[in-house]
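Below are the structure tokens for one structure; questions will follow.
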There are 2 protein chains.
Amino acid sequence: MTVLEHRTYSVSEVATDSGVAPSAVRFYENHGVVTAVRTAGNQRRFDESAACRIQVAKLAQRVGLSVREIADLFTDLPVDPQREDWERVAGRLVTEVEQRVRHLKAQLAAMESGAKLCEIGRHDPAR
Amino acid sequence: MTVLEHRTYSVSEVATDSGVAPSAVRFYENHGVVTAVRTAGNQRRFDESAACRIQVAKLAQRVGLSVREIADLFTDLPVDPQREDWERVAGRLVTEVEQRVRHLKAQLAAMESGAKLCEIGRHDPAR
DNA sequence: CTGCAACTTCAACATTAGTTGAGGTCAACG
DNA sequence: CGTTGACCTCAACTAATGTTGAAGTTGCAG
């Protein structure tokens with residue numbers, strides 16, 4: 001039973017596949033969103049999941065996560081992640097975002113029902 | 001029937017009431033998140049809604065809106081906004097965010113069901 | 001092999017979202 | 001009416017998220 005070596009991808013391939021610039025791919029590697037191995041000549045080689053990570057990263061940024069938070073989210077994504085690994089990460093991402101949306105809604109609701117429309121937890125007496 | 005002049009607030013009052021630094025209050029005024037009138041001596045005076053706008057702005061940033069987008073969201077908030085004005089703005093904010101979350105979920109779902117776990121709309125032939 | 005497109009690093013630049021500090025003015029308490 | 005804390009503007013700085021360009025290296029097609 002051979003260990004089938006999946007093919008690798010260069011910076012520009014990952015860039016094309018994920019829809020970002022090559023410079024962004026390098027940036028994401030520097031910040032732990034994707035990881036790469038190096039060739040003998042020091043060039044980056046990514047696995048299949050790299051483009052996927054970057055696509056997810058762009059989606060996550062759009063709903064308020066920082067690059068740091070995204071890298072943290074991916075820390076327990078194994079090399080060659082399987083569907084269930086992606087499902088777990090996607091689930092955690094959605095949970096986090098839904099929590100932020102719940103917080104948003106709760107605060108908005110509190111403000112709308114506040115006496116002066118917007119005195120959430122303030123009420124400093126002397127004024 | 002007198003036009004009851006609601007009291008005004010200084011930069012540091014708005015800062016305290018909204019939980020940000022005075023420098024941020026000035027920044028938000030420069031970027032159209034809040035508006036101010038000026039005293040004879042050129043000092044900013046805000047209405048009650050200023051602290052509220054900033055609180056909403058911080059919530060909105062947390063779910064991915066830029067300062068520009070937030071200022072745009074507030075453009076049709078009248079002076080001395082009433083509950084229904086806030087409800088309209090809050091509704092638009094929530095709608096926008098929920099749209100982003102729907103997009104996130106849809107893309108994640110598409111990626112999870114994709115053949116190679118992550119080839120959403122790419123499939124370039126020659127490779 | 002050779003040549004050239006794509007790669008490397010590094011530093012500088014751009015933009016967004018603020019903060020800090022200098023130098024000067026205002027307002028309001030006593 | 002004077003003092004003093006809060007205000008004003010402006011410029012410079014920070015940090016995050018990238019992009020651009022210079023100078024040099026690699027890898028692959030022919």
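In this text, all values refer to a predicted model and were calculated from it rather than measured experimentally. Here is how names work: the chains are called A, B, and so on, in the same order as the sequence lines, proteins then strands, and each is numbered from 1.
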Quiz item: Nearest nucleotide by nearest heavy atom, which residue falls closer to the 5' end of DNA chain C, A:Val11 or B:Ala40?
Solution: A:Val11
Quiz item: Is it true that atom CZ of A:Arg88 has more than 12 heavy atoms of other residues, nucleotides or ligands lying nearer than 6.0 Å?
Solution: yes
Practice problem: Can you tell me the distance, in whole Å, between the CZ atom of A:Phe46 and the C1' atom of C:dC7? | Solution: 11 Å
Quiz item: Has A:Arg62 got a side-chain N or O lying under 4.0 Å from the OP1 or OP2 atom of D:dT17?
Solution: no
Quiz item: Of all of residues 21-33 of chain A, which get a heavy atom below 4.0 angstrom from DNA chain C, listed by number?
Solution: A:Arg26
Quiz prompt | Phosphate contact (C:dG18 OP1 or OP2) by B:Lys58 side-chain N/O below 4.0 Å | solution = yes
Quiz item: Between CG of B:Leu59 and NZ of A:Lys105, what distance do you get to the nearest 0.5 Å?
Solution: 13.5 Å
Quiz item: Out of curiosity, A:Gln107 CD to A:Glu112 CD, how far, rounded to the nearest 0.5 Å?
Solution: 12.0 Å
Quiz item: Is the shortest side-chain N/O distance from A:Arg44 to OP1 or OP2 of C:dC7 below 4.0 Å?
Solution: no
Practice problem: Could you please name the option among D:dC7, C:dT8, D:dT17 that lies closest to any side-chain atom of A:Val67? | Solution: D:dT17
Self-check item: Salt-bridge criterion met for B:Glu96 and B:Arg100 (N-O under 4.0 Å)
Solution: yes
Exercise. Report the distance from atom CZ of A:Phe46 to atom OG of A:Ser18, rounding to the nearest 0.5 Å.
Key: 9.5 Å
Practice problem: Please determine, for the side chain of B:Ser12, which listed nucleotide (D:dC7, D:dC8, D:dT26) has the closest atom? | Solution: D:dC7
Quiz item: Reckon A:Gln61 has a side-chain N or O less than 4.0 Å from the OP1 or OP2 of D:dA16?
Solution: no
Practice problem: Find the distance between CH2 (A:Trp86) and CG (A:Leu77) and round it off to the nearest 0.5 Å. | Solution: 4.5 Å
Self-check item: Any A:Thr39 side-chain nitrogen or oxygen under 4.0 Å from OP1 or OP2 of D:dT26
Solution: no
Quiz prompt | Below 4.0 Å: OP1/OP2 of C:dC26 and any side-chain N or O of B:Arg45 | solution = no
Exercise. Please name the residue in the list B:Arg7, B:Arg45, B:Arg44 that meets the salt bridge (charged side-chain N to carboxylate O under 4.0 Å, His left out) test with B:Glu13.
Key: B:Arg7
Quiz item: Counting only side-chain N and O atoms of B:Arg68, is one of them less than 4.0 Å from OP1 or OP2 of C:dT16?
Solution: no
Practice problem: Find the distance B:Ile54:CD1 to C:dA17:P and express it as a whole number of Å. | Solution: 14 Å
Quiz item: Please give, in whole Å, the distance from D:dC7 C1' to B:Tyr9 OH?
Solution: 19 Å
Practice problem: Please state how far atom CD in B:Gln43 lies from atom P in C:dA28, giving the value in whole angstrom units. | Solution: 8 Å
